[in-house]
Each structure stands twice: as structure tokens, then as C-alpha cells.
Chemist: 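The following block contains the structure, expressed as C-alpha cells.
Side chains included, hydrogens not; waters and symmetry mates left out as well; all remaining heavy atoms used. Chain A is the first sequence line, chain B the second, and so forth, proteins listed ahead of strands; every chain is numbered from 1.
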Amino acid sequence: MRFRKLHDWDLTPKEAVALQRQLVSQVVLNRPDKRPPQLIAGVDASYPRFSNRITAGVVVCHRDDWSIVESSYAVLDSPFPYVPGLLSFRELPGLLEAFKGLKTRPDAIIVDGQGRAHPRRFGIGCHLGLWLDIPTIGCGKTRLCGEFAEPSNERGGRSDLIDKEEVIGEVLRTRTGVKPVYASIGHKFDLVSAVDLLLDCAPRYRLPEPIRLAHHFVNESRLASTEDA
DNA sequence: GCGACAG
DNA sequence: ATCTTGTCGC
């Protein structure tokens, strides 16, 4: 896949925050492409215990049966430490390299992390979507910010995630009796469609299938390629 | 100043 | 994110 460079990555944390504030205005909060996405990509990253050597990968699968169409990964030393609110500056450089090795252009992407459900409304889901200009949604396993009422215990149960009087995402139960996930818009999506897609993508397990596939893929890739450093 | 804090 | 054994429940 090819895409245009949006900005440099050699930034200080303060510069990174300033860049988020600048880029957030370019995020598209609706779904211009009304066609239902067929090819869905899941992305994830993995590191060895005390290392910044990131193995970032993407798996493109078919929405009908989750068969894998293509996958790609990249290994590189992350230029940024983990700082809550600045995750994309740690993981995107590697993730974008992985996308460069992809021939298929997915119709939608699901990211392991927040989209708009972020203090500055610019989580990794928004950042990746902007770089690739592909519809993207964020699906976090835990909360970064915002408040919410516990959603009903059944699959499909949901409640608004609210920060500063604003609905920034949905706390969504994808499995009855299991912890909910945190869904939010990344780019070129609306919250209702994002929740619909996530429920579609998670018919059996808590996490959406594309994310599960990506998770397994990057872990296998790391163990197979990296002799850990 | 204190607590919270995606992966 | 990573490390790690057993254990509870459908």
C-alpha cells in the first residue's frame, strides 16, 4: 500500500501534543463511503519484556468468514516511550511500515486502542485513519478517559462514554457476562456504524476477530523473526 | 498537590 | 505491552 506522508516522527512529547491538537481538525466524523466494508484489517503490536523493539503487524480478512486475505509486519525500534495519550507516536511508525508491505487496501481498519475516546480526541485510531485515509475505528480493552454507566450484562449492552459533556465513544458488551470494550470513531466513521461493525466482528469472543487475528499474527511474527533485543 | 493513565 | 500457574465457570 502507498500513502502520503503526513508529518515527521522525531518529536518531543510536547511537540507530539501540539501536533495532535493540529491534526484533530482533519478527522472525519461520519462515513462518506456508505458501502458495507468487506475487507477488514486488524492491527496490533508486540514487544519483548524490557525492550522498545516493536513488531507491528496488520491482518486483512474477509468479513464473511474471517479468512485471511493478506498480512504484513515490520520490526523496528520505537522512537517513543509509552506515554498515556501519546500511544500513536510509539506504535504508528512500525504499523505504517507494515502497511507499506500490504498489496490489499482494506475497506476498514480496527485498531487496538482508542479513537476519539482520548483527552484531545485524537487516539491512535484517528491518527492511523488520517495517515492512510481509510475508515478506522478504535476498540480499546480498557478506558483512557471519560465516564460511563455500567452497560447491561448481555451481549449488545452499551452505554455512552462521556468526557466534558461530550459523547466520545460507547462502552460495548460484545459477550454476555464479560468485560465490555471501549468503542470510538477513528476516522470516516460514525459511532453507530462503529458499534454495529464491532458487534458483527465479535460474534463469539470479547475482542473483534480482526484484532484477534492481528494479535496472534504479531506474536508469532515476533517469536519467529526477532531474536529479542 | 493528588489521583488517573489506551498499549 | 510483558511475565506467569492455577483455577473457576459455561
Chemist: With the threshold set at under 4.0 Å for non-hydrogen atoms, list the residues of residues 16-26 of chain A touching DNA chain B in residue-number order.
Modeler: none
Chemist: State which residues pass salt bridge (Lys or Arg N to Asp or Glu O under 4.0 Å) with A:R90; sequence neighbours excluded, sorted by chain then number.
Modeler: none
Chemist: Filter on ring-ring contact (aromatic ring centres under 6.0 Å, His included), then keep only pairs touching residues 86-113 of chain A, sequence neighbours left out; what's left?
Modeler: A:W9-A:F89, A:F80-A:F89, A:F89-A:H127
Chemist: Is A:R4 salt-bridged to A:D133, going by a charged N under 4.0 Å from an acidic O?
Modeler: no
Chemist: What string of B, S and - do you get for nucleotides 4-10 of chain C, 5' to 3', when a contact is any protein heavy atom under 4.0 Å?
Modeler: -------
Chemist: Please state how far atom CZ in A:R120 lies from atom C1' in B:dA6, giving the value in whole angstrom units.
Modeler: 12 Å
Chemist: Do you know the tightest heavy-atom contact between A:G94 and A:A74?
Modeler: O-CB, 3.8 Å
Chemist: Going by number, which of residues 81-99 of chain A have a non-hydrogen atom under 4.0 Å from DNA chain B?
Modeler: A:Y82, A:P84, A:G85, A:L86, A:L87
Chemist: Share the residues that join A:L161 in a hydrophobic cluster, the rule being Ile, Leu, Val, Met, Phe, Trp or Tyr side chains under 4.5 Å apart at the heavy-atom level.
Modeler: A:F148, A:I168, A:V171, A:Y182
Chemist: Please check the phosphate of C:dT2 (OP1 and OP2 only) for any side-chain N or O of A:S46 closer than 4.0 Å.
Modeler: yes
Chemist: Could you tell me whether the side chain of A:L95 reaches within less than 4.5 Å of the side chain of A:V58, counting heavy atoms only?
Modeler: no
Chemist: Answer whether the closest heavy-atom distance between the side chains of A:C126 and A:H118 falls below 4.5 Å.
Modeler: no
Chemist: Counting Watson-Crick and G-U wobble pairs whose two distances are both under 3.5 Å, find the runs of 3 or more in a row that involve DNA chain B.
Modeler: none
Chemist: Return the value, rounded to whole Å, for the distance between atom CD1 of A:I110 and atom C1' of B:dA6.
Modeler: 16 Å
Chemist: Identify, residue by residue, the members of residues 185-220 of chain A with a heavy atom below 4.0 Å from DNA chain C, and return them in order of residue number, or none.
Modeler: A:H215, A:N219
Chemist: How long is the gap from CG on A:L92 to CD1 on A:I124, to the nearest 0.5 Å?
Modeler: 4.5 Å
Chemist: Quickly work out the A:H118 NE2 to B:dG7 P distance and round it to whole Å.
Modeler: 12 Å
Chemist: Counting only pairs under 3.5 Å, give me each side-chain donor-acceptor contact of residues 138-147 of chain A, with atom names and distances, residues two or more places apart or in other chains.
Modeler:
residue	atom	partner	partner atom	Å
A:K141	NZ	A:D112	OD1	2.9
A:K141	NZ	A:D112	OD2	3.2
A:R143	NH1	A:G146	O	2.8

Chemist: In whole Å, what is the span from the CZ atom of A:F80 to the C1' atom of B:dG7?
Modeler: 14 Å
Chemist: For DNA chain C, write out the stems as range with range, using runs of 3 or more consecutive Watson-Crick or G-U pairs with both distances under 3.5 Å.
Modeler: none
Chemist: Heavy atoms within less than 4.0 Å of DNA chain C: which residues of residues 135-156 of chain A have one? Give them sorted by number.
Modeler: A:K141
Chemist: Given side chains that start at C-beta, do those of A:L102 and A:R105 come closer than 4.5 Å, heavy atoms only?
Modeler: no
Chemist: Are any of the side-chain heavy atoms of A:H7 and A:E15 separated by less than 4.5 Å?
Modeler: no
Chemist: Donor-acceptor pairs under 3.5 Å, side chain of residues 23-31 of chain A to any protein atom, not counting sequence neighbours: which ones?
Modeler:
residue	atom	partner	partner atom	Å
A:S25	OG	A:Q22	O	3.2
A:R31	NH1	A:D33	O	3.4
A:R31	NH1	A:R35	O	3.4

Chemist: Go through it in stages, so that I can follow the logic: the residues are A:L86 and A:Q20, the test is side chain to side chain contact (heavy atoms under 4.5 Å, CB included), and I'd like the CA-CA distance, side-chain angles, deciding distance and then a yes or no.
Modeler: CA-CA 9 Å; A:L86 298 177; A:Q20 291 182 318; 3.5 Å; yes
Chemist: Before accepting this row, confirm whether a basic side-chain N of the pair A:E150/A:R173 lies closer than 4.0 Å to the acidic partner's carboxylate O.
Modeler: yes
Chemist: When we call it a touch if two heavy atoms are under 4.0 Å apart, what does A:I54 touch: a base, just sugar-phosphate, or nothing?
Modeler: nothing
Chemist: A side-chain contact here means heavy atoms from C-beta on lying under 4.5 Å apart; do A:N219 and A:T55 qualify?
Modeler: no
Chemist: Can you measure from CG (A:L207) to CZ (A:R175) and round to the nearest 0.5 angstrom?
Modeler: 11.0 Å
Chemist: Would you indicate whether the side-chain heavy atoms of A:P79 and A:P93 approach each other to under 4.5 Å?
Modeler: yes
Chemist: Can you tell if the side chain of A:M1 reaches within under 4.5 Å of the side chain of A:P106, non-hydrogen atoms only?
Modeler: yes
Chemist: Assess the residue pair A:F3 and A:K100 against the criterion (side chain to side chain contact (heavy atoms under 4.5 Å, CB included)); give the C-alpha distance rounded to whole Å, side-chain angles, the decisive distance to 0.1 Å, and a yes or no.
Modeler: CA-CA 8 Å; A:F3 45 87; A:K100 285 181 186 171; 3.8 Å; yes
Chemist: In whole Å, what is the span from the CZ atom of A:R49 to the P atom of C:dC3?
Modeler: 7 Å
Chemist: Does the side chain of A:F189 reach to within under 4.5 Å of the side chain of A:L197, using non-hydrogen atoms?
Modeler: yes
Chemist: With side chain to side chain contact (heavy atoms under 4.5 Å, CB included) as the test, would you mind laying out the steps for A:L96 and A:L132 before giving the verdict?
Modeler: CA-CA 9 Å; A:L96 292 173; A:L132 304 177; 3.9 Å; yes
Chemist: Grab the CD-P distance between A:Q114 and B:dA4 for me, whole Å please.
Modeler: 18 Å
